[in-house]
Amino acid sequence: MTHRVCSEEPDILVAAASGRALSASLAAHLASCPSCREQAEAVTFVRGLAETPDAPHQLPDPAVIWWKAQLLRRWQAERAASAPIERMRWIELAAGLASLAVFLVWQWRGLVNLVARAIPASVAAASAAPQAVSPMALVLVACGTASVGAMVLAALHKRLGRAPY
Amino acid sequence: MMEHAATLDVEDVGAQQAEAGARAELLGESEFQDLYRLHARPLWAYLYRLTGNTADADDLLQESFCRMLGAPLATRDDGQLRAYLFRVATNAATDLWRRGGRSRRREEPLTDESAGAAPGREDAALKQDMARTFRDLKPQERMLLWLAHVEGSEHREIAAALGLKAASVPVMLFRARRKLAGLLRKKGYGPGERP
């Protein structure tokens, strides 16, 4: 949408904002230009509203604002100081999970065999292929390792996440 | 209040701060008290006209001064600090609207006192109606009109405060004024009818 401004509008708005009397030529233009008239009217209205005395309202106590600002500044400084620690916590968690994954991949067979030997013979006999790795052993290995790993990581995360103050 | 119009906008204050580096300092308590005495009332009036609610205006006033106190300032010029303060307040008010209606208080019903008129005076109703008409505008339109015509801010300052392009400010102001004039006409405040 094209915005066309009457050439006299800026002068009329300045006069309306300052409450200054219009020159004869501007007054003549204002009388003949509805757009300028409504623009000037709006400015006069806003100025009039601003000059209306405010309600007798007690402003907030500056001493309280000062105190609050000091407190906020201290909190922000503390947060800034602990930001690297906070970032490290996530890096530690990611590193822990990655190590766990590497360990599982690396020691998978050994862990499975270890658990398979620990399963009671009756349970192992129920398996269709006794020589093969039991599916239950796989589930147990995965769940056990994940639980232990998660518990260790959670404990570490909690311990490291404590505020240093 | 046009004399308060700052010649430098807030981005310039920020740029100055970057240049000033170590020279940028936090306000001291006595400086803050002086600044508060000078600017708190007009800032509150602006915030009250924006929010239509004394509690929100109080909260935003506190938040604006707190934000200002939390940042090192390279300048102590009253005009620049005033422009900075109004920008911070505008941002805080915008944040309040963005947070949504749930956390925001409702606009208070206008009374003679809240409209700024002494009860019983013959122009009390008119003043209430003026305040109500202004509330009929959108928040951004109120901000635009107040900053432009009460604070006397330049278009680039308004653009910086409202996060707009400087080129769109004159168009938006024009439309806001036209809308306001339309509302005034609808309420019967034609040029000949207004006091």
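Lettering of chains follows the sequences in order, A, B, ..., and the numbering in each one begins at 1.
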For a quick test of your reading: what N or O donor-acceptor pairs under 3.5 Å do the side chains of residues 19-28 of chain A make, sequence neighbours left out?
unit_1   : atom_1 : unit_2   : atom_2 : d
Ser23(A) : OG     : Ser25(A) : OG     : 3.4
Ser23(A) : OG     : Leu26(A) : N      : 3.4

- Task: Could you tell me which residues satisfy side chain to side chain contact (heavy atoms under 4.5 Å, CB included) with Gln107(A), sequence neighbours excluded, listed by chain and number?
- Result: Phe103(A), Leu111(A)
- Item | With Glu38(A) via side chain to side chain contact (heavy atoms under 4.5 Å, CB included) - residues at least two apart | Arg178(B), Ala181(B), Arg185(B)
- Aromatic rings Phe65(B) and Phe32(B): how do their planes relate, parallel, tilted or perpendicular, breaks at 30° and 60°? perpendicular
- Message: For Lys187(B), is there an ion pair with Asp136(B) - N to carboxylate O distance below 4.0 angstrom?
- Response: yes
- Expected contact set for residues 64-73 of chain A against chain B at heavy-atom separation under 4.5 Å reads Ile65(A), Trp66(A), Lys68(A), Ala69(A), Leu72(A), Arg73(A)
- Message: Tell me the closest heavy-atom pair linking Arg135(B) and Arg142(B), and the distance in Å.
- Response: O-NH2, 3.1 Å
- Residue, of Leu173(B), Asp58(B), Leu183(B), that accumulates the most heavy atom pairs under 4.5 Å with chain A: Asp58(B)
- Message: Please classify the contact between Glu29(B) and chain A as side chain, backbone, both or neither, with a heavy-atom cut-off of under 4.5 Å.
- Response: both
- Hey, what do you get for CZ (Arg177(B)) to CG (Leu137(B)), rounding to the nearest 0.5 Å? 12.5 Å
